[in-house]
Number of protein chains: 2
Amino acid sequence: MRKSKDLPARPRRAPEIMPEALGTVEGNVRAVDRALALLDAFREEDGPLPLADLARRSGLHLTTALRLLGTLESHGFVTRLPAGGYVLGATLLLLGERFRRSLRLDDHVRPALERLRGESGESATFFVRDGDRRRCLFRLESPHPVRDFARVGEMQPLGIGGHGRALLALDPPPGERPRLPIISRGERLQDVAAIAAPVLGAEGVVAGSIGLTLPLYRFDAAAERLCTTLVMQEALAVTAALGGDPAPIAALA
Amino acid sequence: MRKSKDLPARPRRAPEIMPEALGTVEGNVRAVDRALALLDAFREEDGPLPLADLARRSGLHLTTALRLLGTLESHGFVTRLPAGGYVLGATLLLLGERFRRSLRLDDHVRPALERLRGESGESATFFVRDGDRRRCLFRLESPHPVRDFARVGEMQPLGIGGHGRALLALDPPPGERPRLPIISRGERLQDVAAIAAPVLGAEGVVAGSIGLTLPLYRFDAAAERLCTTLVMQEALAVTAALGGDPAPIAALA
DNA sequence: GCGGGTCTTTCCGCAGCATGGAAGTGTGTT
DNA sequence: AACACACTTCCATGCTGCGGAAAGACCCGC
């Protein structure tokens, strides 16, 4: 028995992946794929979307979109307005919070961000690595009328920008030795400065990156001194709170 | 043609709804229903869940759960940990924020909550009506070590508790005339006080309810005076900011 | 080491389900 | 009125998701 062992190694799945007219990935349940595509069709700023728009955006037949939306609605993933049109549903808020909570960062990160913003008056943000990018997990807006923009949940590139470099700072390319906190001036976004430092978790891996962002014109020598101090202080504090070892961070200060 | 018109009116769908062993609602796409049930299977505090647990909780066959989770994963709705087990995925955070943003309340409600908490030192919360219940949309935690609990996204009953009554205060039962803000002492939760007032949107309908909650033992006469003032002030301010008419609220002060 | 347990994954034939065309209803516009 | 458009219902078809079976992976305790 265990004949499969004797057979020559064979690809796990049919290798002839056809060119795929639609975005349906091999091995996925089509109906679910399409339903999730409908959720993705809600882009940033649009209000209620009519059925026809949603069907068009997701490339689905009207009938199909209607049926899927009905199912999504019965679970609270979308809401159908009496006036007509669909919006995202409240269940997403619940699950989104549940996701964030499952990372167990709220308790320590949120207060740290509040201290940062409180003492600097600038926007405070926390990113985590997500694959080969980074994702904004927490964000407190500066009270200033002029400020940069970023949204919770958003993805940004790794390796560039204050947080983008901070997340990699503890595994630098050979020969380099970054200084913490990372200071970026107009690096990813023009006219925006960022001061960021990595945070270590209990397992010794980088848990995320904490920092401040502000318009470049406000980032004078005094602001730099203040932000540098504050960010390092909180990076060390959060690391300690998470049970991590502050030494690798302090070593690069 | 159109023979159906000549037939006697018949129920739109087969009326013999079978007892439904599973929770699959009539007229829904089964595969999607099940996939969403899997997401719901992630309850509050549990860490990574193995496939078998998820299948059990949602009443699905192992094979089915595996397939659906694969699809969910490819859209970032769940993440499979290298160590084994599934957790909710980051896409939910994005969509959850997008949902909240679609209500267009952030800009005015969040700063108001910050002022409330700043001046009172207690937890500030904003609820909206959701069907015949209410849902916590925003929440800022008090810095006090002793405080009540509530989570963003959570549902609570209408008609009871400070916010539960505030949401109904402008459509009172005949003969009653509630006073604003609503003050609740240990009404829904023992030992918790709540001070809440409704907020009106541009259409003249109740947009939500804003208020403070604190442990009852801290709610003395001085605290009551302060909280009452603050909550009314912010309820009026947010109403004005949303383009609503403050008069109905002020009239009940 | 062996054997029993649980969890995970692949494979595959069948049935039932999701699919999309067609036609119906309804609302607003010319 | 006639049209255009958005939404909804109905239904036959054939494809797709289903779950049984079995193999693999890994953990135990003996």
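Each chain gets a letter, A, B and so on, in the order the sequences are listed, and its residues count up from 1. Just the heavy atoms: all of them, side chains too, but no hydrogens, waters or symmetry mates, feed the values below.
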S.K.: Could you please name the option among dT8(C), dC7(D), dG17(D) that lies closest to any side-chain atom of L51(A)?
M.R.: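 Selected nucleotide: dC7(D).
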S.K.: Does the side chain of R57(A) reach to within under 4.5 Å of the side chain of D40(A), using non-hydrogen atoms?
M.R.: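 The answer is no; the side chains never approach within 4.5 Å.
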S.K.: With nearest nucleotides of DNA chain D determined for A31(A) and G84(A) from heavy-atom distances, which residue corresponds to the more 5′ nucleotide?
M.R.: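 Upstream on the strand: G84(A).
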S.K.: Establish, with yes or no, whether the OP1 or OP2 oxygen of dT16(D) is under 4.0 angstrom from a side-chain nitrogen or oxygen of R67(B).
M.R.: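 For R67(B), the contact criterion (side-chain N or O under 4.0 Å from OP1 or OP2 of dT16(D)) is not met.
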S.K.: Rounded to whole angstrom units, what separation is found between the CG atom of L54(A) and the C1' atom of dC5(D)?
M.R.: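 Rounding to the nearest Å, CG of L54(A) and C1' of dC5(D) are 16 Å apart.
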S.K.: Between Y86(A) and L38(A), is there a side-chain heavy-atom distance shorter than 4.5 Å?
M.R.: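 Not in contact.
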S.K.: Closest approach to the side chain of Y86(A), judged atom by atom: which nucleotide of dT8(D), dC7(D), dT19(C) is it?
M.R.: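 Within the option list, the nearest is dT8(D).
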S.K.: Have a look at L92(B) and tell me which of L94(A), L93(A), L39(A), L95(A) forms a side chain to side chain contact (heavy atoms under 4.5 Å, CB included) with it.
M.R.: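 Only match with L92(B) under side chain to side chain contact (heavy atoms under 4.5 Å, CB included): L95(A).
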S.K.: Whole angstroms only, please: what is the CG-C1' distance between N28(A) and dT16(D)?
M.R.: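 That distance rounds to 13 Å.
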S.K.: For V206(B) versus P198(B), what's the shortest heavy-atom pair and its separation?
M.R.: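 Here V206(B) and P198(B) meet closest at CG1-CB, 4.3 Å.
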S.K.: Can you give the dot-bracket line for DNA chain D, where a pair is Watson-Crick or G-U wobble with both atom distances under 3.5 Å, crossing pairs use [ ], and | marks a partner on another strand?
M.R.: ||||||||||||||||||||||||||..||
S.K.: Using the closest heavy atom to pick a nucleotide of DNA chain D for each, name whichever of L62(A) or V32(A) lands nearer the 5' end.
M.R.: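 Nearest nucleotide further toward 5': that of L62(A).
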S.K.: Answer yes or no: is there a side-chain heavy-atom contact under 4.5 Å between E141(A) and R110(B)?
M.R.: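 No, their side chains stay 4.5 Å or more apart.
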S.K.: Indicate, with a heavy-atom threshold strictly under 4.0 Å, whether R80(B) touches base, sugar-phosphate, or nothing.
M.R.: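 Since only primed, P, OP1 and OP2 atoms lie under 4.0 Å of R80(B), the category is sugar-phosphate.
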S.K.: Check this one for me: any side-chain N or O of R34(A) less than 4.0 Å away from OP1 or OP2 of dT16(D)?
M.R.: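 Looking at the OP1 and OP2 atoms of dT16(D), neither is under 4.0 Å from any side-chain N or O of R34(A).
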S.K.: Starting the side chain at C-beta, find the nucleotide from dT8(C), dA18(C), dT8(D) nearest to R30(B).
M.R.: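 For R30(B), the side-chain atoms sit closest to dA18(C).
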S.K.: Specify the separation, in whole Å, of atom CG of L68(B) and atom P of dA18(C).
M.R.: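 After rounding, the gap between these two atoms is 12 Å.
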S.K.: If we only count heavy atoms from C-beta on, is the F138(A) to I210(A) side-chain gap below 4.5 Å?
M.R.: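 No, their side chains stay 4.5 Å or more apart.
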S.K.: Provide, to the nearest angstrom, the distance between the CZ atom belonging to R56(B) and the C1' atom belonging to dT8(C).
M.R.: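 These atoms are roughly 13 Å apart.
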S.K.: By nearest nucleotide on DNA chain C, pick out whichever of L49(B) and T63(A) is the more 5' one.
M.R.: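 The residue whose closest nucleotide sits nearer the 5' end is L49(B).
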S.K.: In whole angstrom, give the distance that lies between atom NE2 of H61(B) and atom C1' of dG19(D).
M.R.: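 Checked: the NE2 to C1' distance equals 5 Å.
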S.K.: Is the phosphate of dG19(D) approached by T64(B) (side-chain N or O, under 4.0 Å from OP1 or OP2)?
M.R.: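 Yes.
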S.K.: Is any side-chain heavy atom of R129(B) closer than 4.5 Å to one of L168(B)?
M.R.: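 Side chain of L168(B) against side chain of R129(B), heavy atoms only: contact under 4.5 Å found.
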S.K.: Given dT9(C), dC7(D), dC10(D), identify the nucleotide with an atom nearest to the side chain of L66(B).
M.R.: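 Selected nucleotide (nearest to the side chain): dT9(C).
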